[in-house]
Trainee: 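My questions will all concern the structure given below.
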Amino acid sequence: MRRVVVTGMGLVTPLGAGLDPVWRRLIDGESGAGPIEQFDASDLPCRIAASVPRSDGSRGGDKAGDAAFNADDFVEPREQRRINEFITFGIAAAQMAFDDSGLELKTEEERDRAGVMTGSGIGGLSGIEHEVLVLNNKGPRRVSPFFITGNLINLVSGQVSIRLGMKGPNHAVVTACSSGAHAIGDAARLIALDDADVMLAGGAEAAICPIGIAGFSSCKALTTHFNDTPEKASRPYDKDRDGFLMGEGSGFVMLEEYERAKARGAKIYGEIVGYGLSGDAYHITSPAEDGNGGYRSMEMALKRAGLQPKDIDYVNAHGTSTPVGDEIELKAVERLFGDAADGLVMSSTKSSVGHLLGAAGAVEAIFCLLAMRDGVAPPTLNLDNPSVETPINLAPKEAVKKPINIALSNSFGFGGTNASLVMRRIDG
Amino acid sequence: MSDLAERVKKIVVEHLDVDAAKVEPKASFIDDLGADSLDIVELVMAFEEEFDVEIPDDAAETIQTVGDAIKFIEEQKS
């Protein structure tokens, strides 16, 4: 199989847009949480979220400085009205990753070998919500001609391919909160198996809308006790955690066949060396109690990488801040790592950016690659009192400086779908 | 331009994000204003909403310029 490396990355997150501004805020322990400003959330049990901060100062934009996101930098205003926000986020992150890679697709053959793979959990949920109301109130003749194409999950891949002229595999992954990780893993396989030479791969999500918050609230997944202190709401492993904080945004990586990247002198963030995936076959929302789904997913990723647990320097946990899920994952990591769990650094960046659902796995893989680049593991915010004892260093509240050569990222989704990615530094 | 023509022009400018000076009666939505077939569907809906008229699909197909739209709506309203 051919080797696959990451040569470009792009981020749109609740901490802002752009790699370095977001990374700096993450390492500094800043939070992307705030009250929901997008709509009146007063009748909802959860009235907070981690929204992408805007350059007009809204949604936390006033605090974000140069990290604030301006959609107009990436998508024409006319087009923005026709596509759901998750697609705008995806286009922006993909464009950043493309630009960051320095890749040029000069020939038709190069374009034919360049593809796009996008993961999203729900796609254009707010768009569906809006047009259903139009249908109900004004009738079918008023439903927008852009309703379907503005909300379909694979339209991120479609839009990105059209804008960048990428004519290779054009695909989309829908595995709830594992989508972003699966997209990167599956796209890397396409390159490894010689079906493409380069792939833009990532995830995009924008589900902070009334039906999204109401739906996740009804299945008891969201935090409800921190409406007055949003920055305290996402607190993985802490005894007071009470559900996840909804995030939004997108992360994209440029994946490239190693020899090709090396030949063109590309900057290489790291290699995708392992990918594992599994199903719990247990319950629609709860992970299997013994965590065996996540365990097998991590085990498979390590096996593919030809590595042992002791080789892993940092784990970016799924760690959503739900009462049940966090400990199950923690125990699965402890069991798999055995003695190597002692002193292992594992953190949940959802404590800062919230849960980006289908974009989470992609954003967190990027955080792993930046952690390797800078030798620093981002913190788990709000971890005041761990609910269980563990030999693992959960990086409470402060980033941990240490050389990181190999990192593992976990993503688990509703339906019992699990994905693990292992990334390794390439030096010289 | 009549009041009705001004309202048509305003809708076209808003929906297609084009310079108002370009939106003259003889301007073709597709050739001069950069619209595609879905843009025209959306424009027709906006006209129906604004002027409280019904523009059937076969009639919509004959609306190719700003002037066509103004003329069709004027006829419907008279």
Side-chain angles (χ1 to χ4, degrees), chain A residues 54-56 70-88 90-92 95 123-124 126-165 167 170, chain B residues 4 6-24 27-66 68-77:
Chain A
R54 301 312 172 103
S55 54
D56 63 5
N70 184 356
D72 296 354
D73 291 345
F74 300 94
V75 182
E76 315 73 51
R78 170 182 163 188
E79 191 64 19
Q80 284 175 45
R81 293 198 300 267
R82 289 159 191 200
I83 59 178
N84 192 270
E85 217 158 46
F86 86 101
I87 299 179
T88 298
I91 291 170
Q95 181 75 55
S126 62
I128 296 168
E129 178 184 61
H130 182 266
E131 290 304 304
V132 167
L133 292 174
V134 170
L135 176 69
N136 206 31
N137 296 333
K138 296 183 177 176
R141 287 179 57 82
R142 289 289 173 274
V143 171
S144 167
F146 300 102
F147 166 53
I148 300 295
T149 54
N151 293 289
L152 286 181
I153 282 180
N154 73 296
L155 260 286
V156 178
S157 295
Q159 285 274 0
V160 170
S161 71
I162 292 164
R163 285 160 186 267
L164 298 174
K167 297 182 167 181
N170 197 271
Chain B
L4 185 145
E6 282 298 334
R7 283 158 70 196
V8 167
K9 185 173 163 179
K10 185 161 174 276
I11 289 171
V12 174
V13 168
E14 277 172 11
H15 281 261
L16 300 181
D17 261 351
V18 287
D19 186 350
K22 283 178 140 183
V23 185
E24 42 184 17
S28 155
F29 292 117
I30 290 175
D31 297 333
D32 301 318
L33 302 175
D36 64 19
S37 58
L38 293 179
D39 291 321
I40 293 179
V41 175
E42 194 184 46
L43 273 177
V44 164
M45 277 187 193
F47 296 146
E48 287 184 330
E49 184 104 1
E50 171 76 12
F51 299 104
D52 195 22
V53 294
E54 188 163 324
I55 306 176
D57 286 354
D58 52 350
E61 283 169 19
T62 68
I63 298 177
Q64 298 189 352
T65 66
V66 176
D68 292 342
I70 294 168
K71 185 159 165 279
F72 184 89
I73 297 163
E74 275 174 348
E75 285 170 6
Q76 292 283 307
K77 299 300 279 183

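Just so we're on the same page: letters track the sequence lines, and every chain starts at 1.
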Trainee: Are A:Arg82 and B:Leu38 close enough, and set up right, to give a side-chain contact (heavy atoms from CB on, under 4.5 Å), and what steps lead you there?
Mentor: CA-CA 11 Å; A:Arg82 289 159 191 200; B:Leu38 293 179; over 6 Å; no

Trainee: Might you point out which heavy atoms bring B:Met45 and A:Pro145 nearest each other, and give the distance in Å?
Mentor: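 Looking at all heavy atoms of both residues, the shortest contact is CE-CD, 3.9 Å.
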
Trainee: Between B:Glu14 and chain A, with a heavy-atom cut-off of 4.5 Å, which part of the residue counts as in contact: side chain, backbone, both or neither?
Mentor: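 Only the backbone of B:Glu14 comes within 4.5 Å of chain A.
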
Trainee: Considering all heavy atoms of both residues, which atom of A:Arg78 and which atom of B:Asp39 are nearest to each other, and what is their separation?
Mentor: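 Closest approach of A:Arg78 to B:Asp39: NH2-OD2, 2.7 Å.
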
Trainee: Could you tell me whether B:Asp36 atom CG has more than 12 heavy atoms of other residues or ligands within 6.0 Å of it?
Mentor: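 It does: B:Asp36 CG has more than 12 such atoms within range.
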
Trainee: Within a 6.0 Å radius of atom CG on B:Asp57, are there more than 12 heavy atoms belonging to other residues, nucleotides or ligands?
Mentor: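 No - once you tally the heavy atoms of other residues, nucleotides and ligands closer than 6.0 Å, there are 12 at most.
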
Trainee: Which atoms form the tightest heavy-atom contact between A:Arg141 and B:Ile55, and what is the distance?
Mentor: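 Reported closest heavy-atom pair: NH2-O, 3.3 Å.
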
